[in-house]
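Only one structure is covered here, and it is reproduced in the block below.
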Amino acid sequence: QVQLVESGGGLVQPGGSLRLSCAASGSIFSVNAMGWYRQAPGKQREWVAAITSDGSTDYADSVKGRFTISRDNAKNTMYLQMNSLKPEDTAVYYCNADVRDRTGWVRNYWGQGTQVTVSS
């Protein structure tokens, strides 16, 4: 009874910026670690960035210095600010989170994905 919903994807030119959001809702007690993954056509899903409940972050080398992950615990929402976008960033971006629900169980959830296309 927990849902993750991504938003903010779209078409952007190389060098441009987008900000993705991931909102968790449902029977939530707390949201623990969260992260972003992406999957390009014909390729494996890859990890992009992660953030802990108290704000510690980590990034894949391919996005380090260009992307910034953040979260608003009061809103159960995570963000990915993407700057200096490259065509190779084109992918479906997925939100992932470990959520403790109100029964006390921690489970891992995925969002449905949002398309990011970087093209001139």
Side-chain angles (χ1 to χ4, degrees):
Q1 199 68 16
V2 172
Q3 301 83 39
L4 304 179
V5 179
E6 301 97 334
S7 61
L11 175 65
V12 65
Q13 292 187 341
S17 297
L18 284 174
R19 189 168 96 139
L20 306 183
S21 298
C22 170
S25 62
S27 185
I28 296 169
F29 181 80
S30 64
V31 180
N32 300 330
M34 303 183 78
W36 290 97
Y37 293 73
R38 66 187 183 187
Q39 189 167 24
K43 295 198 171 185
Q44 296 248 17
R45 189 171 298 187
E46 66 174 342
W47 171 75
V48 174
I51 186 166
T52 66
S53 59
D54 57 7
S56 180
T57 61
D58 202 5
Y59 300 90
D61 287 343
S62 59
V63 307
K64 198 169 298 181
R66 300 187 297 121
F67 290 11
T68 303
I69 189 171
S70 61
R71 64 192 289 166
D72 184 337
N73 289 336
K75 297 180 179 179
N76 288 328
T77 300
M78 174 180 65
Y79 307 95
L80 186 68
Q81 179 66 47
M82 304 185 295
N83 298 327
S84 302
L85 282 162
K86 305 173 180 180
E88 51 262 47
D89 295 318
T90 296
V92 177
Y93 283 70
Y94 295 92
C95 175
N96 181 265
D98 292 328
V99 179
R100 187 181 299 277
D101 64 27
R102 294 184 182 182
T103 72
W105 291 98
V106 177
R107 295 182 176 90
N108 186 258
Y109 296 89
W110 289 95
Q112 82 291 338
T114 186
Q115 177 71 49
V116 172
T117 302
V118 184
S119 177
S120 59

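One-based numbering along the sequence shown.
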ask   = What's the spacing between Asp98 CG and Asn108 CG if we round to 0.5 Å?
value = 5.0 Å

note = Nearest heavy-atom contact between Cys95 and Met34 is SG-CE, 4.3 Å

ask   = If every non-hydrogen atom of Gln112 is compared with every non-hydrogen atom of Val5, which pair is closest and at what distance?
value = OE1-CA, 3.6 Å

task = Consider only side-chain heavy atoms of I, L, V, M, F, W and Y, link residues closer than 4.5 Å, and tell whether Leu4 and Val31 are in one cluster.
result = yes

query = Got a sec, which residues hit side chain to side chain donor-acceptor pair (under 3.5 Å) with Ser7, two or more places apart in sequence or on another chain?
reply = none

message = Hydrophobic clusters here meaning ILVMFWY residues chained together by side-chain heavy-atom distances under 4.5 Å, can you tell me if Leu20 and Tyr79 are in one?
response = no

Close side-chain approach of Ser25 to Asn76, heavy-atom, < 4.5 Å = no

key: Contact summary for Arg38 and Ala91, nearest pair of heavy atoms   = CB-CB, 3.8 Å

note = SG of Cys22 to CZ of Arg71, rounded to nearest 0.5 Å, is 10.0 Å

Hydrophobic cluster membership, Tyr109 vs Ile51, 4.5 Å side-chain cutoff = yes

Atom pair OG1/CH2 of Thr114 and Trp36 - distance to nearest 0.5 Å = 7.5 Å

request  = Please say whether more than 12 non-hydrogen atoms of neighbouring residues, nucleotides or ligands are located less than 6.0 Å from CD in Glu88.
outcome  = yes

inquiry  = Does any part of the side chain of Leu11, heavy atoms only, come nearer than 4.5 Å to the side chain of Gln115, both counted from C-beta?
reply    = no

inquiry  = Take a 6.0 Å sphere around NZ of Lys64 and say whether it holds more than 12 heavy atoms from other residues, nucleotides or ligands.
reply    = yes

key: Non-hydrogen atoms of Thr68 and Tyr59 that approach each other most closely   = CA-OH, 3.3 Å

task = Taking all non-hydrogen atoms of both residues into account, name the closest pair between Leu85 and Leu18 and its distance.
result = CD1-N, 3.9 Å

inquiry  = Would you compute the distance between atom CD of Gln81 and atom OG of Ser21 and round it to the nearest 0.5 angstrom?
reply    = 9.5 Å

task = Report whether Met82 and Val92 are members of the same hydrophobic cluster (ILVMFWY, side-chain heavy atoms less than 4.5 Å apart, transitive linking).
result = no

key: N/O donor-acceptor pair under 3.5 Å between Glu6 side chain and Gly113 backbone   = yes

query = Parallel, tilted or perpendicular: which describes the rings of Trp110 and Tyr94, with under 30° parallel and over 60° perpendicular?
reply = perpendicular

note = Distance col, row Phe29:CZ vs Arg100:CZ, nearest 0.5 angstrom, shows 7.5 Å

inquiry  = Ignoring hydrogens, what is the shortest heavy-atom contact between Gln39 and Lys43? Give both atom names and the distance.
reply    = NE2-O, 3.0 Å

query = Regarding Ser17 and Asn83, is there a side-chain donor-to-acceptor distance under 3.5 Å anywhere?
reply = yes

query = Can Lys86 and Asp89 be said to form a salt bridge (charged side-chain N to carboxylate O under 4.0 Å, His left out), step by step?
reply = CA-CA 5 Å; Lys86 305 173 180 180; Asp89 295 318; over 6 Å; no

message = Hydrophobic clustering (ILVMFWY, side-chain heavy atoms < 4.5 Å, transitive) - are Phe67 and Val116 grouped together?
response = yes

